[in-house]
Amino acid sequence: MKKTSKLYAVVHGKCPQCRRGDIFTGSLYGFNIQHTNTNCSHCGFRFEIEPGYFYAAMYVSYAMNCAEMISLGVAAYILSGGWLEYESFWMYITVIFTGCLILAPFNYRYSRVMLLHFLSPKIKYKLAYDTP
């Protein structure tokens with residue numbers, strides 16, 4: 001029996017219990033809107049363990065968004081040659097908010113994936129379910 005790696009499961013949004021079934025329907029970017037599946041199609045694991053479980057993903061998304069905003073601000077500073085005048089204020093605001101809008105679907109998906117895979121101590125990988 002071949003074991004699926006945790007890195008593969010996280011990157012591709014697979015179930016934390018069997019690492020086979022998809023957590024989401026739809027693509028990350030595109031016209032097919034992504035939704036979180038209720039249950040895993042492979043092992044039947046219920047993703048929303050309790051009512052309101054994914055509210056905790058907002059905190060993960062917030063941390064990701066803060067890191068992205070700081071990174072975009074530093075990148076804009078470096079790429080503009082250290083331009084910190086009053087006129088540059090709108091350039092920074094535009095770069096940061098555009099980056100946040102573009103990365104919103106990414107944050108939605110991977111905040112939930114990280115919550116399920118890394119921040120939920122009750123969810124364990126079960127090798128018996130990891131069968132094709």
Side-chain angles (χ1 to χ4, degrees):
M1 175 175 359
K2 185 179 179 202
K3 181 179 171 183
T4 308
S5 73
K6 185 165 191 143
L7 179 62
Y8 176 85
V10 169
V11 170
H12 294 285
K14 300 295 182 182
C15 172
Q17 184 170 284
C18 67
R19 298 182 184 169
R20 296 282 177 171
D22 292 323
I23 297 173
F24 295 95
T25 61
S27 60
L28 183 59
Y29 290 101
F31 295 112
N32 218 0
I33 297 175
Q34 61 180 333
H35 294 286
T36 306
N37 287 326
T38 306
N39 295 325
C40 175
S41 59
H42 186 76
C43 68
F45 175 72
R46 181 174 162 83
F47 294 119
E48 190 169 9
I49 298 169
E50 55 193 32
Y53 176 73
F54 285 121
Y55 283 125
M58 289 189 308
Y59 298 109
V60 178
S61 179
Y62 176 75
M64 291 169 64
N65 207 12
C66 287
E68 291 160 0
M69 288 181 4
I70 291 169
S71 300
L72 288 168
V74 169
Y77 175 78
I78 291 170
L79 294 174
S80 70
W83 188 38
L84 279 177
E85 312 232 344
Y86 180 73
E87 297 84 24
S88 68
F89 173 75
W90 291 108
M91 186 253 321
Y92 286 104
I93 294 295
T94 303
V95 167
I96 289 170
F97 282 118
T98 303
C100 288
L101 283 174
I102 291 171
L103 292 171
F106 175 84
N107 289 345
Y108 171 79
R109 180 173 286 222
Y110 286 102
S111 64
R112 290 178 178 221
V113 168
M114 283 197 277
L115 179 68
L116 286 168
H117 280 274
F118 300 115
L119 301 174
S120 299
K122 293 182 182 179
I123 301 173
K124 301 288 185 208
Y125 168 67
K126 296 181 179 158
L127 184 61
Y129 290 134
D130 192 4
T131 57

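Keep in mind that the numbers below use all heavy atoms, side chains included, and drop hydrogens, waters and symmetry copies. In this text the structure is predicted, and so the values were computed from the model without any measurement.
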> Would you say Y29 has more than 12 foreign heavy atoms packed within less than 6.0 Å of its OH?
Replying inline: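 It does: Y29 OH has more than 12 such atoms within range.
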Non-hydrogen atoms of [X] and [Y] that approach each other most closely:
X    : Y    : value
N37  : D22  : ND2-O, 3.0 Å
Y92  : G73  : CE2-O, 3.7 Å
P16  : H117 : CA-CE1, 3.4 Å
P105 : Q34  : O-NE2, 3.2 Å
C40  : G21  : SG-CA, 3.6 Å

[atom2] on [Y] to [atom1] on [X], rounded to 0.5 Å:
X    : Y    : atom1 : atom2 : value
L115 : I49  : CG    : CD1   : 8.0 Å
S120 : Y53  : OG    : OH    : 2.0 Å
T36  : R112 : OG1   : CZ    : 4.0 Å
N107 : C100 : CG    : SG    : 8.0 Å
F54  : Y108 : CZ    : OH    : 8.0 Å

For the pair [X] (side chain) and [Y] (backbone), establish whether a donor and an acceptor sit closer than 3.5 Å, ignoring hydrogens and angles.
X   : Y    : result
E68 : L72  : no
S61 : A57  : no
K14 : V11  : no
H42 : Y129 : yes

Transitive ILVMFWY side-chain link [X] to [Y], under 4.5 Å:
X    : Y    : result
L101 : M69  : no
L116 : Y55  : no
L28  : V113 : yes
I70  : V60  : no
L103 : I96  : no

>> Is there a side chain to side chain contact (heavy atoms under 4.5 Å, CB included) between H35 and F24? Walk through the geometry before answering.
In response: CA-CA 5 Å; H35 294 286; F24 295 95; over 6 Å; no
> Is NZ or CZ of R19 both nearer than 6.0 Å to the six-membered ring centre of Y8 and within 45° of the ring axis?
Replying inline: no
>> Once you measure the plane-to-plane angle for F45 and F47, does it fall in the parallel (<30°), tilted (30-60°) or perpendicular (>60°) bin?
In response: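 Rings of F45 and F47: perpendicular, over 60°.
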>> Is the shortest side-chain heavy-atom distance between Y62 and S111 below 4.5 Å?
In response: no
